[in-house]
There are 4 protein chains.
Amino acid sequence: MRKELRIERKNKLLQAAAEVFAEKGYAGASISDVAARAGMGKGTVYGYFPSKEDLFFDVFFWYALQLMTDIHLNFFNGRLSVREACLRFTSELVERMIESIKMYPLTLEFWSAAASGGLRDRLKQAMSRMYCDYRNLIGSMIQQGIETDEFLPETDVEGLSAGIMGAIDALGLQFWMDPDFDIRGAAEQTMAAILNGISVHPETGDKG
Amino acid sequence: MRKELRIERKNKLLQAAAEVFAEKGYAGASISDVAARAGMGKGTVYGYFPSKEDLFFDVFFWYALQLMTDIHLNFFNGRLSVREACLRFTSELVERMIESIKMYPLTLEFWSAAASGGLRDRLKQAMSRMYCDYRNLIGSMIQQGIETDEFLPETDVEGLSAGIMGAIDALGLQFWMDPDFDIRGAAEQTMAAILNGISVHPETGDKG
Amino acid sequence: MRKELRIERKNKLLQAAAEVFAEKGYAGASISDVAARAGMGKGTVYGYFPSKEDLFFDVFFWYALQLMTDIHLNFFNGRLSVREACLRFTSELVERMIESIKMYPLTLEFWSAAASGGLRDRLKQAMSRMYCDYRNLIGSMIQQGIETDEFLPETDVEGLSAGIMGAIDALGLQFWMDPDFDIRGAAEQTMAAILNGISVHPETGDKG
Amino acid sequence: MRKELRIERKNKLLQAAAEVFAEKGYAGASISDVAARAGMGKGTVYGYFPSKEDLFFDVFFWYALQLMTDIHLNFFNGRLSVREACLRFTSELVERMIESIKMYPLTLEFWSAAASGGLRDRLKQAMSRMYCDYRNLIGSMIQQGIETDEFLPETDVEGLSAGIMGAIDALGLQFWMDPDFDIRGAAEQTMAAILNGISVHPETGDKG
DNA sequence: TATGAATGAGGGTTCATTCAT
DNA sequence: TATGAATGAACCCTCATTCAT
């Protein structure tokens, strides 16, 4: 069927574009680069995406969806205490970051593109929503912890979700800048502190 | 020519460049734009900076120095408990972010430029160092807390510093994306949770 | 794309470039000028030549090859005494110069470019070789004259070839500077003197 | 006296300009380069020459005058046979070329500038006159040879002068291109052939 | 539909020239 | 008068986009 081939080629282009944008940045990447990486002709790209900007925008959604799907697929299939679930979740995010640290620059490009240029508004809004989704993911877990009396009732779900999400995100940045940075340890310790801070019965610090 | 005048003009250019780069991004900003913003001729810029890249790089240091100086000037002049000092410090950072949120895109540009392009290595290294400095700032406070028995002795100073620094940073990002985001609350709550988590005598959650 | 069309357009560009460089000089000619002269867009030029320097370099070879080909085609097809062959040859060169005197400035540009700038070494070497080829052309004729006992056996083939080649070349320069300059006469007389000077049986001066 | 200082500085500028133009070519040389080489400020140049073009034009005359003066000073002070005088003269020219081969590119720049650009007409005319002067120098010697019955009466003075002058000139070019080129031998042999060719009593070829 | 040659707008950079000191 | 900072015109080159094949 025609449709399938078209979708396949579109995905190939998105993958190629994601890689090239990650390596060279949005401005530094040319449509030629992307087409070549995808093994197609330059003009063909325009049969799938109306402009470089649109391609980049679509890469954002394609990439964000991949991440989210991975997380859902890999994570929500166990029965754990809320505390453990939180740790599992953040640790999952961190592992994903480590795996795909080569693609981290792509995220930086998204942010940069959300700050200026023709995609600014569209991208800013989309990223804002994406961040919300992640915050809500964490938020719902914290909320659950409150409801099960694991966490203190006065806990500020929204604020803390944002803080946790932000910490994980920014640890990725630091890991990207310095591969020697102990991202696993930092994430674990930060989460442990936070969870202790909001737990009704904090764990003892000694990990043995 | 008077040395002062040269310095004055150089600063004017740095200021103008910072603004233009923040508004249009590195790629979208032209030297003409910067020169016009500074009220000078295009060629004049090249009397102060050898290239657009160098200008951008210098803007980074100039901007980073400003931030650091501000923080040092505004912060280190009181006698507080370590816990309060930490809160004061992060709150200070947050206020600074709110004040200069218009310039937040500049930071995104720095990151993006550290990811690819001719400045990559130089910038990546410089940003890594800058992050280290900030982490050490927080780290030294936590260390002090441990030594004064305010914080648990088993606290992982390095990891937590990174987590705190990252959280604050990323909260800025969320605030920039969404001006309605309660960055002050999120920062405060996150810090409160963390500090509680590592405190020998956690505060009660009720703030009244 | 058809190979022929590409070659055709490349030749059109070389022709246009040769003309523009001849008229405005290398530094004074812009790629825009060349493109316009060839009836193409500015960017198209870069599809055929990677840079202005390379274009100029290729023009040199293209032009030199044209000259050499013309000479071979037009000259080597008769049975003449060596003396007459020499005269025919130089006269041929002179006629060619007169015909294409409008392009003489191009040669001056080649020399100038061989003296400084990014093409210096490449061009200097290439021109040196080209001069050698021409000298050898004349040299082989003189050598033949020696072998047929038309010319004195002690004749210095190398030195004389260079002298003859140089004289013809420089007469072109004088003709270019002053269109009233009798280049045919000067070439003929100079050659006559030289050939007489090395002939075993010099001709009488009166040509009637 | 003021006037002398001014003249001194002007000469220093001319010397510096000649060197820089020889090294970098007209287009490649900047006024800054010249000023720096002369140990002056950039603006000062404009106190002596109204424009870069004028400076270059003046360099031409200054340089041409130097050459001509040298030749007059060094040459016209002996009593020789016309034949010997001719050989002395050309050998003198050749020695001068060898001495100052480093400056040969300057001549190429003059030619190139005479071919196009704002100086074209002025320079072309000036160079044409200069060539005439040299031709007349040789021409007067040949004429003298005719009058003293050393040379054949039917000799074409004008044409031959041009040929000789051109040959010497072009041998310089070949020597510049290839330092291994035996310019002395080539000049000597070429002149010997020519002089034999027009002599009433040609010398025997064997030089012993 | 796939291709890549053609296009020209756009921008970083150089440098001759001016002018305030 | 000497200086060099300031200026902006000019140009090489890139690359997103179009379109004929």
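Below, read A as the first sequence line, B as the second, and so on, with proteins coming before strands; counting in each chain starts at 1.
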**Student:** Closest approach to the side chain of D:Lys52, judged atom by atom: which nucleotide of E:dT17, E:dG12, F:dC12 is it?
**Tutor:**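 The nucleotide sitting nearest to the side chain is E:dT17.
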**Student:** Measuring from B:Ser112:OG to A:Phe110:CZ, what's the distance to the nearest 0.5 Å?
**Tutor:**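 Reported to 0.5 Å precision, the distance equals 11.5 Å.
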**Student:** I'd like to know if the side chain of D:Asp33 and the backbone of D:Ser30 have a donor-acceptor N/O pair within less than 3.5 Å.
**Tutor:**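 Present.
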**Student:** If pairing requires Watson-Crick or G-U wobble contacts with both distances under 3.5 Å, which nucleotide is the partner of E:dA20?
**Tutor:**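 Partner of E:dA20: F:dT3.
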**Student:** Which one is paired to F:dT14, where only Watson-Crick or G-U wobble pairs with both distances under 3.5 angstrom count?
**Tutor:**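 In the structure as shown, F:dT14 has E:dA9 as its Watson-Crick or wobble partner.
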**Student:** Which is true for D:Gly47 with a 4.0 Å heavy-atom rule: it touches a base, it touches only sugar-phosphate, or it touches nothing?
**Tutor:**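 The residue D:Gly47 makes no contact with any strand.
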**Student:** Would you find a donor on one side and an acceptor on the other, under 3.5 Å apart, between the side chain of B:Lys52 and the backbone of B:Ala29?
**Tutor:**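 Checked: pair present.
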**Student:** Can you identify which nucleotide, out of F:dT18, E:dA16, E:dG12, has its nearest atom closest to the A:Tyr46 side chain?
**Tutor:**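 Ranking F:dT18, E:dA16, E:dG12 by closest atom to the A:Tyr46 side chain puts F:dT18 first.
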**Student:** Which value, rounded to the nearest 0.5 Å, describes the distance between A:Lys10 atom NZ and A:Trp62 atom CH2?
**Tutor:**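 Answer for the NZ-CH2 pair, A:Lys10 versus A:Trp62, is 12.5 Å.
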**Student:** Using a heavy-atom cut-off of 4.0 Å across all strands, would you classify A:Lys42 as base, sugar-phosphate, or nothing?
**Tutor:**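 Here A:Lys42 touches the bases of the nucleic acid.
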**Student:** D:Tyr48 near the nucleic acid: base, sugar-phosphate alone, or nothing, with a heavy-atom cut-off under 4.0 Å?
**Tutor:**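 Sugar-phosphate only.
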**Student:** How would you label the contact of D:Thr44 with the nucleic acid (heavy atoms, under 4.0 Å): base, sugar-phosphate, or nothing?
**Tutor:**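 Counting heavy atoms under 4.0 Å across all strands, the contact made by D:Thr44 includes a base.
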